[in-house]
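By convention here, the first residue in the shown sequence is residue 1. In what follows, every heavy atom counts, from backbone to side chain, and hydrogens, waters and symmetry copies are set aside.
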Amino acid sequence: MSAENGIFVEIGRTIDEERQLLLRYARLALEESVAGKILTPVDVDELPTKLREKGASFVTLMCTEQLRGCVGSLEPVRPLVEDVRLNAIAAAMQDFRFPPVRPEEVPLLRMHISLLTRPVALDYAKPDDLLAKLRPGIDGVVLREGYLRATFLPQVWEKIPDPDLFLSLLSQKMGAPANYWRNRKLEVLTYQAEEIRE
């Protein structure tokens, strides 16, 4: 297995084929869940190695360029294909920010799947040190304190390129004031993501 051109390349199978498999399984799970159908089972043992291995993913749903749902996992706890399928369903049906997706919306949705590396702790001394160590456009960021936790995927840097504002909005997403990251030494983790789009 090689890490060239992204997180994975399966020997004997192109990365594009693996990406298309993930998109197909995620799309089918989304369609079946919105229609209230029982999910078609997946024979995980017949899939490429990477899709069978434990993996963490986020699934983002866009409708005419507007966010329609986004749910994911930060830690790899189940086979990647199952993680993607379950997150596709959750993005459609369980994102608390939106009502559940209606059947008539399904053809309008475009799916983005982000395959995550394992988060690693980012050591920093002071807020300005944290700002200096962030890598805009590269790192997804997790802020954590006790039961409070929030993350922004690396793609969020496209809309919020300023690190100070990025951390302030992430603090608010965590349920804290915008300046919380400046006033408290939070646990900060970073990760990278490979994005697959329909």
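Looking at residues two or more places apart in sequence or on another chain, you find no salt bridge (Lys or Arg N to Asp or Glu O under 4.0 Å) involving E31. Legend: residues meeting side-chain contact (heavy atoms from CB on, under 4.5 Å) with P136, ordered by chain and number and at least two apart, are W157, P163. Residues meeting the salt bridge (Lys or Arg N to Asp or Glu O under 4.0 Å) test with E195, sequence neighbours left out: R197. In this view, V120 and T190 satisfy the side-chain contact (heavy atoms from CB on, under 4.5 Å) rule, not counting sequence neighbours. The side-chain contact (heavy atoms from CB on, under 4.5 Å) check on K185 picks up Y124, with sequence neighbours excluded. In terms of the side-chain contact (heavy atoms from CB on, under 4.5 Å) criterion, residue partners of D45 (sequence neighbours excluded) are, by chain and number, D43. Take K173 and apply the salt bridge (Lys or Arg N to Asp or Glu O under 4.0 Å) test, not counting sequence neighbours, and it matches no residue.
At least one donor-acceptor pair closer than 3.5 Å links the side chain of N87 to the backbone N or O of S57. Looking at E105, its side chain does come within 3.5 Å of a backbone N or O of R102 through a donor-acceptor pair.
Counting only residues at least two apart or on different chains, the salt bridge (Lys or Arg N to Asp or Glu O under 4.0 Å) pairs with a member in residues 86-98 are D95-R97. Residue pairs meeting the salt bridge (Lys or Arg N to Asp or Glu O under 4.0 Å) criterion with at least one partner in residues 108-123, sequence neighbours excluded, are E75-R118. Residue pairs satisfying the salt bridge (Lys or Arg N to Asp or Glu O under 4.0 Å) criterion with at least one member in residues 152-170, sequence neighbours excluded, are listed as follows: D164-R182. Among residue pairs with one or both ends in residues 134-156, those qualifying as salt bridge (Lys or Arg N to Asp or Glu O under 4.0 Å) are R135-D139, R144-E187, E145-R184; sequence neighbours excluded.
F98 belongs to a hydrophobic cluster with M62, L67, counting contacts under 4.5 Å between side-chain heavy atoms of Ile, Leu, Val, Met, Phe, Trp and Tyr, direct or through other members.
The closest side-chain heavy-atom distance from S171 to L143 is below 4.5 Å. Side-chain contact between I89 and V59 is absent, with no heavy atoms from C-beta onward closer than 4.5 Å. The shortest distance between side-chain heavy atoms of W181 and L170 does not fall below 4.5 Å.
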### Task
Apply the test salt bridge (charged side-chain N to carboxylate O under 4.0 Å, His left out) to residues D129 and K126: give CA-CA distance (whole Å), side-chain angles for both, the deciding distance (0.1 Å), then the verdict.
CA-CA 5 Å; D129 184 33; K126 297 180 180 179; over 6 Å; no
#### Entry: Check against salt bridge (charged side-chain N to carboxylate O under 4.0 Å, His left out), E18 and K50
CA-CA 8 Å; E18 293 187 347; K50 183 60 188 181; over 6 Å; no
### Task
Test L122 against L134 for side-chain contact (heavy atoms from CB on, under 4.5 Å), laying out the working first.
CA-CA 9 Å; L122 181 65; L134 290 180; 4.0 Å; yes
